[in-house]
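Every heavy atom of this structure was used, including side-chain atoms; hydrogens, water molecules and symmetry mates were not. Everything numeric here is computed off the predicted structure, so don't read it as measured data.
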Amino acid sequence: YPLYQLGNPQLRIFRTNFFMTLVRPGREQPENTVQFRIPMEMTKFDVKNYLQSIYSVPVAAVRTRIQYCTNKKRNHKNQRVKRPDYKVAYVQLAQGQTFKFPDIFPQKDQTPEPGSMEDIQNKFLEDEKQKQKADPRRGGVTEWFGL
C-alpha cells in the first residue's frame, strides 16, 4: 500500500509482530496472575499495551523473567544442542479480576452403567485378581514351592 493516497484514504489494519502464548503455570499462583511465554524483544510495556488495546484486559502490573535453557543435550554427532531461551511474563490483573485456566479435558464419571462392556471388563479383571491372590493357608510360602 502507498503510505498516503490523496483523496482516497484506504482502510489499514495494523497487526503486531509479537505472539504471546498463554502457559499453564507449573506452581500454584494467585487467581489474579496469568503466565505468558513471550518473545525476547517484548518489554513489560509492550505486554501491558498488547493486552489492554487488543483484548481489553485490565492489567495492574507485569513482571518478566528470562528462562535460560540448558545445553547438556547432544545430537548424533556428539555436538552440544541448546534449546532457545525464552521470556516469561507474569501479568497481574486489575483489582477484582480473576483468571482460571480452562479445563479442556474434564474428568468423566468413572462408574460404568450395569451391563455395559466396561462393567463386564471390570468384573472380569476383579475375578482374575481374586484367582491370582496367594492362598492364605500356605502361610506365605510361594506357589512354585511345592509342599
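Nearest heavy-atom pair across Asp119 and Glu113 is CB-O, 3.6 Å. Considering all non-hydrogen atoms of both residues, Pro84 and Cys69 come closest at O-SG, 3.2 Å. Minimum heavy-atom separation, Ala60 to Leu93: CB-O, 3.6 Å. In this structure, Ile120 and Gly115 approach most closely via the heavy-atom pair CD1-O, 4.0 Å.
For residues 120-132, the set of pairs meeting the side chain to side chain donor-acceptor pair (under 3.5 Å) definition, not counting sequence neighbours, is empty.
Counting heavy atoms of neighbouring residues, nucleotides and ligands inside a 6.0 Å radius, atom CE of Met117 does not exceed 12 of them. The local environment of CZ in Phe18 is crowded, with over 12 non-hydrogen atoms from other residues, nucleotides or ligands closer than 6.0 Å. Open room surrounds CD on Glu118; 12 or fewer heavy atoms of other groups in view lie less than 6.0 Å from it.
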(request) I would like to know whether Glu41 and Lys87 meet side-chain contact (heavy atoms from CB on, under 4.5 Å); could you show each step before the answer? (result) CA-CA 9 Å; Glu41 304 85 28; Lys87 190 181 261 193; over 6 Å; no
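Linking Ile, Leu, Val, Met, Phe, Trp and Tyr residues whenever their side-chain heavy atoms come within less than 4.5 Å leaves Phe99 and Val23 in two separate clusters. Using a 4.5 Å cut-off between side-chain heavy atoms of Ile, Leu, Val, Met, Phe, Trp and Tyr, with links allowed through other members, Leu22 and Ile104 fall into different hydrophobic clusters. If you chain together hydrophobic residues whose side chains sit under 4.5 Å apart, Ile66 and Met42 never meet in one group. A single hydrophobic cluster is not seen to contain both Met20 and Tyr90; linkage of ILVMFWY side chains at heavy-atom distances under 4.5 Å, directly or through other members, places them apart. At a threshold of 4.5 Å between side-chain heavy atoms, the hydrophobic network of Ile, Leu, Val, Met, Phe, Trp and Tyr places Phe19 and Ile54 in two separate groups.
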Could you list the donor-acceptor pairs under 3.5 angstrom formed between side-chain atoms of residues 71-78 and any protein atom two or more places apart in sequence or on another chain?
| from | atom 1 | to | atom 2 | distance (Å) |
| --- | --- | --- | --- | --- |
| Arg74 | NH1 | Asn78 | O | 2.9 |
| Asn75 | OD1 | Lys77 | N | 3.1 |
| Asn75 | OD1 | Asn78 | N | 3.3 |
| Asn75 | OD1 | Gln79 | N | 2.9 |
| Asn75 | ND2 | Gln79 | OE1 | 3.2 |

Side chains of residues 26-38: which donor-acceptor pairs under 3.5 Å do they make with residues two or more places apart or in other chains?
| from | atom 1 | to | atom 2 | distance (Å) |
| --- | --- | --- | --- | --- |
| Gln29 | NE2 | Gln35 | OE1 | 3.3 |
| Arg37 | NH2 | Tyr86 | OH | 3.4 |

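Salt-bridge check for Asp103 with Lys100: failed, with every basic side-chain N at 4.0 Å or more from each acidic carboxylate O.
The OH atom of Tyr50 sits 4.5 Å away from atom OG1 of Thr16, with the distance rounded to the nearest 0.5 Å. Atom CG of Asp46 and atom OG1 of Thr43 lie 3.5 Å apart (nearest 0.5 Å).
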